[in-house]
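Model, not experiment: these values are computed from the prediction.
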Amino acid sequence: MAKKDDEAAKQPKQPKGVKEADEVSLWERLDRPAGAPRASLNPQRIAAVAVELADREGFAAVTMRRIATELGVAPMAAYRHVSGKEDLWALMVDQVSAELDGPGELAGWRETLRAHAERTRAMMLRHPWLAQMPAPLFALTPNRMAGAERQLASLEGLGMDVDTMMAVFRTVSAYVHGATQSETALRQYMAEHGWQSGDDTRRGLAPQMQYLMSTGRYPTYRAYTQAAARKDDAAWLFETGLECVLDGVAGLVERGRA
């Protein structure tokens, strides 16, 4: 027995955070046919309550104990369906990512990427807690994968290799998430200070801005502050930036066809 214990002790330990190769993923468990009618408490119901709670009170309010209270069950009952916070986050991301599913196939790659970008912005603004999640971009979920598949498929046949297709997809996604996270952060900042409009925000930040402009170091920015007509048009700013990114993709497509 001691020899066996010594041999077991010599076995390399699994690095923290790395799962065993034969461990069944959350999505495989959910895809398995149920042997009996589903119980009233299931991962989808837990995710729905978690999303409602995050929408109402913010991401920090989402705990398994609070979810169990909302569902009227003991915390351990919820843990029987969701093993921990990472599974819970993945379920939440998948639940809201279903909102990205739009009408059938669009005319071309540009229309497909634009439509997905616009839906993603709308989804993130409806669920601002997405910007507070540790790593929503890396959550592998069925609905997120379906969105990626639609976008990548729209790029097929354009003369790109698969690495370039993925680079295009990630570049557009990075713009969309970055721009919308900035928009969400500004909304939150305004709410924390009780500012209701862009004018309120500019008045609140006026002391800092006036000093910086008075130094004369930022003439181009000063010209923008005096002449800009769309400072508070977040939708226009997003769409214009998106078109810049898509124009860059269009140039890549044209070079590939040349």
Looking only at heavy atoms, which two atoms of [X] and [Y] are closest? And how far apart?
X    : Y    : result
M190 : G198 : CE-N, 4.2 Å
A50  : V62  : O-CG2, 3.7 Å
T184 : P128 : CG2-CB, 3.6 Å
A47  : Q95  : CB-OE1, 3.8 Å
M160 : V253 : CE-CG2, 3.5 Å
A117 : V176 : CB-CG2, 3.4 Å

Using modelled atom types and a 3.5 Å cut-off, is there a donor and acceptor pairing between side-chain atoms of [X] and backbone atoms of [Y]?
X    : Y    : answer
E111 : G108 : yes
T225 : R222 : yes
S83  : Y79  : no
D87  : V82  : no
S173 : R170 : no
H127 : V51  : no

Would you please classify the geometry between the W195 ring and the H193 ring as parallel, tilted or perpendicular, with 30° and 60° separating the classes? parallel
Check the pair M123, T180 against side chain to side chain contact (heavy atoms under 4.5 Å, CB included), reporting the backbone distance first and the verdict last. CA-CA 10 Å; M123 175 194 72; T180 310; over 6 Å; no
How many angstroms lie between atom [atom1] of [X] and atom [atom2] of [Y], to the nearest 0.5 angstrom?
X    : Y    : atom1 : atom2 : result
L237 : K231 : CG    : NZ    : 12.0 Å
L155 : L113 : CG    : CG    : 5.5 Å
R45  : E70  : CZ    : CD    : 11.0 Å

Would Y218 and M209 count as a side chain to side chain contact (heavy atoms under 4.5 Å, CB included) if you check the C-alpha gap in whole Å, the side-chain angles of each, and the deciding distance to 0.1 Å? CA-CA 11 Å; Y218 317 105; M209 182 62 76; over 6 Å; no
Quick check: are there more than 12 heavy atoms from other residues, nucleotides or ligands sitting under 6.0 Å from CZ of R56? yes
Salt bridge (charged side-chain N to carboxylate O under 4.0 Å, His left out) contacts touching residues 172-189 (sequence neighbours left out): R121-E183, E183-R187
Among residues two or more places apart or on two chains, list those pairs meeting salt bridge (charged side-chain N to carboxylate O under 4.0 Å, His left out) that have a residue in residues 232-253. R110-E243, R110-D247, R114-E243, R202-D232, R230-D233
Residues passing the ring-ring contact (aromatic ring centres under 6.0 Å, His included) test with Y175, sequence neighbours excluded, are F238
Does the pair M165 and E156 meet the rule for a side chain to side chain contact (heavy atoms under 4.5 Å, CB included), with working shown? CA-CA 8 Å; M165 288 168 55; E156 283 191 310; 3.7 Å; yes
Distance only, no hydrogens: is a donor on one side chain within 3.5 Å (strictly under) of an acceptor on the other, for T164 and D161? yes
Step by step, would you call L88 with I46 a side chain to side chain contact (heavy atoms under 4.5 Å, CB included)? CA-CA 8 Å; L88 177 62; I46 291 171; 4.0 Å; yes
